[in-house]
Asker: 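Following this message is one structure expressed as structure tokens.
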Amino acid sequence: MPRYNPKEVEPKWRNRWSEAGCFNAEPPGDKPNYYVLEMFPYPSGHIHIGHVRNYAMGDIIARYKKASGYNVLHPMGWDAFGMPAENAAMQTGSHPSTWTYANIEAMRDQLKRMGLSIDWTREFATCDPEYYQQQQRLFLDFWRRGFAYRKESYVNWDPVDQTVLANEQVIDGKGWRSDAPVERRKLSQWFLKITDEADDLLAALDDGRLSGWPDNVKLMQKNWIGKSKGLSMKFRFADETSEFTRPDGFEDGLEVYTTRPDTLFGASFCAIAPDHPLAAHFADGNPELQAFIADCLKSGVSEEAIEKAEKRGFPLPIELAHPFDDRRLPVYVANFVLMQYGAGAIFGCPAHDQRDLDFARKYGLSVLPVVLPPDANSAAFEIADEAYVGPGTLFNSAFLDGLSIEDGISAAIAKIEEMGHGACATQYRLRDWGVSRQRYWGCPIPAIHCGKCGIVPVPEKDLPVKLPEEADFSVPGNPLDRHPTWKHVDCPQCGGKGTRETDTFDTFVDSSWYFSRFAAPAPDKPVDKTAADYWLPVDQYIGGVEHAILHLLYARYFMRLMRQCGYLSVDEPFANLFTQGMVVHRTFRDESGEWILPEDVTVENGVARRRDGKGGPVSIGPIEKMSKSKRNVVSPEAIAETYGADAARWFMLSDSPPERDVEWTAAGVDGAWRLVGRIWDTVSPAKDLLKKNGLSKPAADNALRQATHNAIAGVTDDIDNFRFNKAIARIYEFLNILKKTKTSSDWAQAEALGALTQLIAPFTPHLAEECWETLGGEGFVCEAPWPKPDPALLARETLVLGVQVNGKRRAELEVAADADNETVKKLALSADAVKRHIDGKTIRKIVVVPGRIVNIVAN
RNA sequence: GCGGACGUGGCGGAACCGGUAGACGCAACAGACUUAAAAUCUGUCGGGCAAAUGCCCGUGGGGGUUCGAGUCCCCCCGUCCGCACCA
């Protein structure tokens, strides 16, 4: 029997699939259609094992659906714009385009070697001018319809390199290259009005349009959109004769937004954001405040950085009047108040908000509790280090005393409205989507700045606005901005001198509609509407949880815009979503703290050493998401080279449930390799068995037939429910039975081996084809109809029940599947082990759960 | 800081709606085959007491609900992901 050799077998079948065009989607016809998509990769140059896992999952679904009779679309492309290419250009001098396309070449090869059932005829990269031209066209449409606008917004600014930094380039508040403390700087940038769609994006999460999405992702998006109902009110200034003269716009006082107007009586201060206009007003001529504000702007722009910073404030020389009594509230500029949320100003109720409490303790402000927990004593209740945010009854609150929080909120709003100080208001946490990036390697924003006409769209006939081929990457900053000629153009309206917009799009724009271009490519428009309507929405979308919010929310938003512009008819792009876990790996460092590749390390008894025995001690770090920077990566190429693609795919999907993180271990893939050999050794002796006629069919109680149909039913169910690890366990079980079952029936053998081959086909497609050919199956196994289980062979005649006495298992009982409860009780009581445990006790109750368990309660 | 998840043998995990905890795989150990090794095959494999069968403990920790809890509720601990310019 020849040994299975993946190096010969795998390329052979890939060529045959490719020649036959097995995986090219068919034109619309009688078959139901199914669109499977994995999030497309960034062309970093190498596929990593996480890609293998992601694409193997999609491939299983694609192959399974194809075998089940669907017209399947399973495309692939490249999320090709982005910073790494530009970083590479700075480091090595290679042009981002050269670097990117070379990476794509390499990765396409690597992906092809995984044996994925992809329709490569639809491949494109987002950096192809044919793609980004259509993106520019979409943007012009959005702009025309008022979905896009410009406003000022902050960026991370590196004062030494004189460049904008991404959040990930800010490390501990410092620029990654210069090590200089970053600052926030204001730039005029492009935004898309995603907040206009906030209500519908939110509604779809709950109204069934996204019933195929996991609840945790929907919840995260819901929290991200963060719709809240509250009170928008103005605090009047306390002192008419203050040295302060009111600035324009603040004649009526300071506007704040709150979701907890019920706690107004607990207010002890107000605070405004460092970039609030009122702060600017007071900073004028106040160097100390200027310094404080500048200091606040010396943290990164990420919300995380702002929220984690120590709460600090700067008192302003004014006081505000409490709306309900004669208290005066001091006003601070505070670093934890966000200008972009609500009114950029808050009132602080320290007793019932942790941030406010921290702040109040630091500045010696009063802490008056106004919500009394259900069982607390109003005289004794005090706030120590923790704010009370639970339910309760209002007290210390005059006309609100005794009300619940909910009623208190309504009552407070009513009162403020009656006083004319404010009104109830709805707020969103969601902000408009800033799409401007001050970088070269992205899709140019098709706009022209003209001294006379303002900002003018590039006429459609002039699209695409292509990136200039020559660019200087030797210094930080935006190469488009300092390009000698590119940006200088004539204004399309007045013909005068103008300059191009030098910002490019956020790469999330590129990935917000690529799936519709896969489904419906067209030469002269973003999508072909007929094809888009046929294929969309994507039936099954698969990708990492790290995209749960931004990418998925932006894509949902884009579909709404494209529908409003008449490009297609859906508003939800992804009918079913699966978020797979990441591939993680142990990290290792040498004595100088440098990261070491896992393949260079051996671990014995918890002690890590270098494999070559050289060098100093190796410290074992935490298990983390695989990343180039920490070098905790493994190369799928090397694995596939040694074991073949099938073993690599099998291992990535066995053991860990798909939604959970999986830790890569070298030992695991060995087991997968053994399985490939075992299957081949089991199937290959049965040459042409499927071709043999006249085999006699055995009786229905044949054990092998039952096992076969159990396996078919189980694996099918597991694939349908994304439980690939369980499907694999069932295949192992089936294989174990297959090898143990001594059957004289060739008919049952043929059925079993045929089914085994079909069941493994989505997982190990090359091996399956080779087995199928050996067995004498017709055509490709990837095109053979998926087997169906025979219900008659799935039924069980007897069941084994556990018998408990007082909740502890004491015996097992084999009973007929249709035995009634009385029979089961009698049998249970007559078991020896049961008798021993109920001896001398009175039976109080017998619980019989049919098909499961019997519990005898006795004392 | 805010939001979302996760925690079961030496390891990855299984356990459906609250019903026999540990399927399946990996590692380990023992045996068969072999001059030997590899590969392959067979068996054992949560801990403890017993060593035939039985008993006690055991699903991150503590409490609770229930005839019965890995699963439900409350509190705590730990790990991971996201936080709007990484993709």
Side-chain angles (χ1 to χ4, degrees), chain A residues 3 39-42 44 79 81-84 155-156 164-170 189 215-217 219-220 222-224 226 300-309 311 336 340 354-355 358 429-439 506-508 511 544-551 553-554 581-582 584 622-625 627 651 654-657 659-663 665 667-672 674-675 677-678 681 723 725-726 728-733 736 739 800-804 806-813 832-833 836 844-847 849 851-857:
Chain A
R3 207 180 140 102
M39 292 177 185
F40 66 163
Y42 179 80
S44 61
D79 190 11
F81 276 133
M83 295 206 313
V155 293
N156 296 307
V164 175
L165 297 177
N167 281 336
E168 71 152 15
Q169 294 173 323
V170 179
Q189 306 191 69
D215 289 339
N216 63 326
V217 172
L219 184 57
M220 280 191 262
K222 186 176 176 175
N223 290 337
W224 186 262
V301 298
S302 78
E303 191 170 309
E304 184 189 6
I306 293 166
E307 293 260 346
K308 268 188 178 167
K311 313 277 172 290
F336 63 95
Q340 58 219 5
Q354 193 60 44
R355 287 178 304 188
D358 294 345
R429 211 186 74 95
L430 182 70
R431 314 197 292 257
D432 276 340
W433 176 13
V435 293
S436 282
R437 298 292 181 269
Q438 294 69 41
R439 303 186 200 290
D506 177 9
T507 56
F508 275 126
S511 57
V545 249
E546 64 271 25
H547 295 292
I549 297 172
L550 294 181
H551 162 57
L553 195 62
Y554 293 148
M582 292 177 302
V584 295
I623 295 169
E624 293 191 61
K625 176 178 175 174
S627 72
F651 170 57
S654 55
D655 295 353
S656 287
E659 69 278 10
R660 212 183 288 181
D661 289 352
V662 60
E663 188 193 352
T665 58
V669 75
D670 270 324
R674 275 200 293 276
L675 171 99
R678 272 175 74 194
D681 292 348
R723 296 186 297 233
N725 56 321
K726 288 180 66 184
I728 281 177
R730 282 183 204 276
I731 291 171
Y732 273 112
E733 274 175 331
N736 289 341
K739 295 190 78 172
V800 178
L801 298 184
V803 183
Q804 297 178 333
N806 292 330
K808 292 194 187 229
R809 191 185 70 95
R810 298 299 179 184
E812 264 182 7
L813 210 59
D832 286 345
R836 217 168 32 240
R844 302 289 174 193
K845 190 175 177 183
I846 302 179
V847 181
V849 183
R852 295 274 187 196
I853 206 164
V854 182
N855 191 12
I856 299 162
V857 185

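Proteins come first, then strands; the chains are lettered A, B, ... in the order of their sequence lines, and each starts at number 1.
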Asker: Would you indicate what A/V854 reaches in the nucleic acid, counting non-hydrogen atoms under 4.0 angstrom: base, sugar-phosphate, or nothing?
Answerer: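 If one applies the 4.0 Å heavy-atom cut-off, A/V854 turns out to touch nothing in the nucleic acid.
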Asker: Measure from the side-chain heavy atoms of A/P84 and tell me the nearest of B/C85, B/A84, B/A87.
Answerer: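 Between B/C85, B/A84, B/A87, the one nearest the side chain of A/P84 would be B/A87.
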Asker: If only side-chain N and O atoms count, and only distance matters, is there a donor-acceptor pair under 3.5 Å linking A/N736 with A/R678?
Answerer: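 Looking only at side-chain atoms, A/N736 and A/R678 do form a donor-acceptor pair, the distance falling under 3.5 Å.
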Asker: Taking the side chain of A/I549 as heavy atoms from C-beta outward, which of B/G82, B/G3, B/C85 is closest to it?
Answerer: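 Nearest to the side-chain atoms of A/I549, counting from C-beta on, is B/G82.
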Asker: Answer with base, sugar-phosphate or nothing: what part of the nucleic acid does A/V803 contact at a heavy-atom distance below 4.0 Å?
Answerer: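 Nothing, no nucleic acid heavy atom in range.
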Asker: Quick check on B/A15: is either OP1 or OP2 less than 4.0 Å from any side-chain nitrogen or oxygen of A/K726?
Answerer: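 Answer yes for this pair, as a side-chain N or O of A/K726 is under 4.0 Å from OP1 or OP2.
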Asker: Looking across every strand, which nucleic acid part, if any, lies under 4.0 Å from A/F508 by heavy atom: base, sugar-phosphate, or nothing?
Answerer: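 Base contact.
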Asker: Using a cut-off of less than 4.0 Å, is there contact between a side-chain N or O of A/K739 and OP1 or OP2 of B/C41?
Answerer: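 Yes.
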Asker: Quick one: A/H551 NE2 to B/C86 P, roughly how many Å, whole number?
Answerer: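 That distance rounds to 16 Å.
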Asker: Between B/C85, B/G13, B/A87, which nucleotide has the shortest distance from any of its atoms to the side chain of A/Q189?
Answerer: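 It is B/C85.
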Asker: Which is more 5' along RNA chain B, the nucleotide nearest A/R355 or the one nearest A/V849? Just name the residue.
Answerer: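 In this pair, the answer is A/R355.
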Asker: Quick one: label A/Q438 by what it contacts on the DNA or RNA (base, sugar-phosphate, nothing), any heavy atom closer than 4.0 Å.
Answerer: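 The answer is base, as A/Q438 lies within the cut-off (heavy atoms under 4.0 Å) of a base atom.
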Asker: When you measure from the side chain of A/E733, which nucleotide among B/C26, B/C24, B/C56 comes out closest?
Answerer: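 Nearest to the side chain of A/E733 among the choices is B/C24.
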Asker: Using a heavy-atom cut-off of 4.0 Å across all strands, would you classify A/W433 as base, sugar-phosphate, or nothing?
Answerer: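 Nothing: the residue A/W433, judged by heavy atoms under 4.0 Å, touches no strand.
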Asker: When you measure from the side-chain N and O atoms of A/R810 to the phosphate of B/C56, is any distance below 4.0 Å, counting only OP1 and OP2?
Answerer: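 Answer is yes, contact under 4.0 Å.
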Asker: Nearest of B/A87, B/C85, B/C55 to any side-chain atom of A/R836?
Answerer: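 Looking only at side-chain atoms, A/R836 lies closest to B/C55.
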Asker: Considering just the side-chain nitrogens and oxygens of A/S656, establish if one lies under 4.0 Å of OP1 or OP2 belonging to B/G12.
Answerer: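 Result: no.
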Asker: Given B/A84, B/U20, B/C85, identify the nucleotide with an atom nearest to the side chain of A/A166.
Answerer: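 Closest nucleotide among those given: B/C85.
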Asker: Go through the structure and list residues passing salt bridge (charged side-chain N to carboxylate O under 4.0 Å, His left out) with A/E812, not counting sequence neighbours.
Answerer: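 A/E812 satisfies salt bridge (charged side-chain N to carboxylate O under 4.0 Å, His left out) with A/R809 only.
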Asker: Taking only the side-chain nitrogens and oxygens of A/N725, find out if one of them lies under 4.0 Å from OP1 or OP2 of B/A14.
Answerer: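 Yes, within the criterion.
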Asker: Between B/A27 and A/R674, is there an OP1 or OP2 to side-chain N/O distance shorter than 4.0 Å?
Answerer: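 Yes, within the criterion.
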Asker: Rounded off to whole Å, could you give me the CG-to-C1' distance for the A/N736 and B/A14 pair?
Answerer: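 It works out to 15 Å between those atoms.
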Asker: Return no unless some side-chain N or O of A/R429 is found under 4.0 Å from OP1 or OP2 of B/G3.
Answerer: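 No, no such contact exists.
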Asker: Identify whether any heavy atom of A/G677 sits under 4.0 Å from a base atom; if not, whether one sits that close to sugar-phosphate; answer base, sugar-phosphate or nothing.
Answerer: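 Nothing, no nucleic acid heavy atom in range.
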Asker: Nearest to the side chain of A/D79, which nucleotide is it out of B/A87, B/A84, B/G12?
Answerer: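 Between B/A87, B/A84, B/G12, the one nearest the side chain of A/D79 would be B/A87.
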Asker: Distance check needed: B/G4 C1' versus A/D215 CG, whole Å only.
Answerer: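 To the nearest whole Å, that distance equals 12 Å.
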Asker: Out of B/G19, B/C86, B/A84, which has the shortest distance to the side chain of A/I853?
Answerer: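 Among the listed nucleotides, the one closest to the side chain of A/I853 is B/G19.
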Asker: Is the shortest side-chain N/O distance from A/S654 to OP1 or OP2 of B/G25 below 4.0 Å?
Answerer: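 No, outside the criterion.
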Asker: Find the distance A/R431:CZ to B/C83:C1' and express it as a whole number of Å.
Answerer: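 Rounded to the whole Å, the gap is 9 Å.
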Asker: Which nucleotide in the set B/G3, B/C86, B/G25 lies at the smallest distance from any side-chain heavy atom of A/M83?
Answerer: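 So the side chain of A/M83 is nearest to B/C86.
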Asker: Using a heavy-atom cut-off of 4.0 Å across all strands, would you classify A/P657 as base, sugar-phosphate, or nothing?
Answerer: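 Here A/P657 touches the backbone only, sparing every base.
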Asker: For B/C80, does OP1 or OP2 lie under 4.0 Å from any side-chain N or O of A/R660?
Answerer: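 Answer is no, no contact under 4.0 Å.
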Asker: Check RNA chain B for consecutive Watson-Crick or G-U pairs with both distances under 3.5 Å and list the runs of at least three as stems.
Answerer: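 Consecutive-pair runs (3 or more) involving RNA chain B: B:1-7 with B:77-83, B:10-12 with B:24-26, B:28-32 with B:40-44, B:46-49 with B:54-57, B:60-64 with B:72-76.
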Asker: Mind listing the N/O atom pairs, protein and nucleotides 62-67 of chain B, below 3.5 Å?
Answerer:
residue : atom : partner : partner atom : Å
B/C67   : O2'  : A/N855  : ND2          : 3.2
B/C67   : O2   : A/N855  : ND2          : 2.6

Asker: Using whole Å, report how far CZ of A/R678 lies from P of B/C41.
Answerer: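 Taking CZ of A/R678 and P of B/C41, I get 6 Å after rounding.
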Asker: To the nearest angstrom, how far is A/L550 atom CG from B/G3 atom C1'?
Answerer: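 To the nearest whole Å, that distance equals 13 Å.
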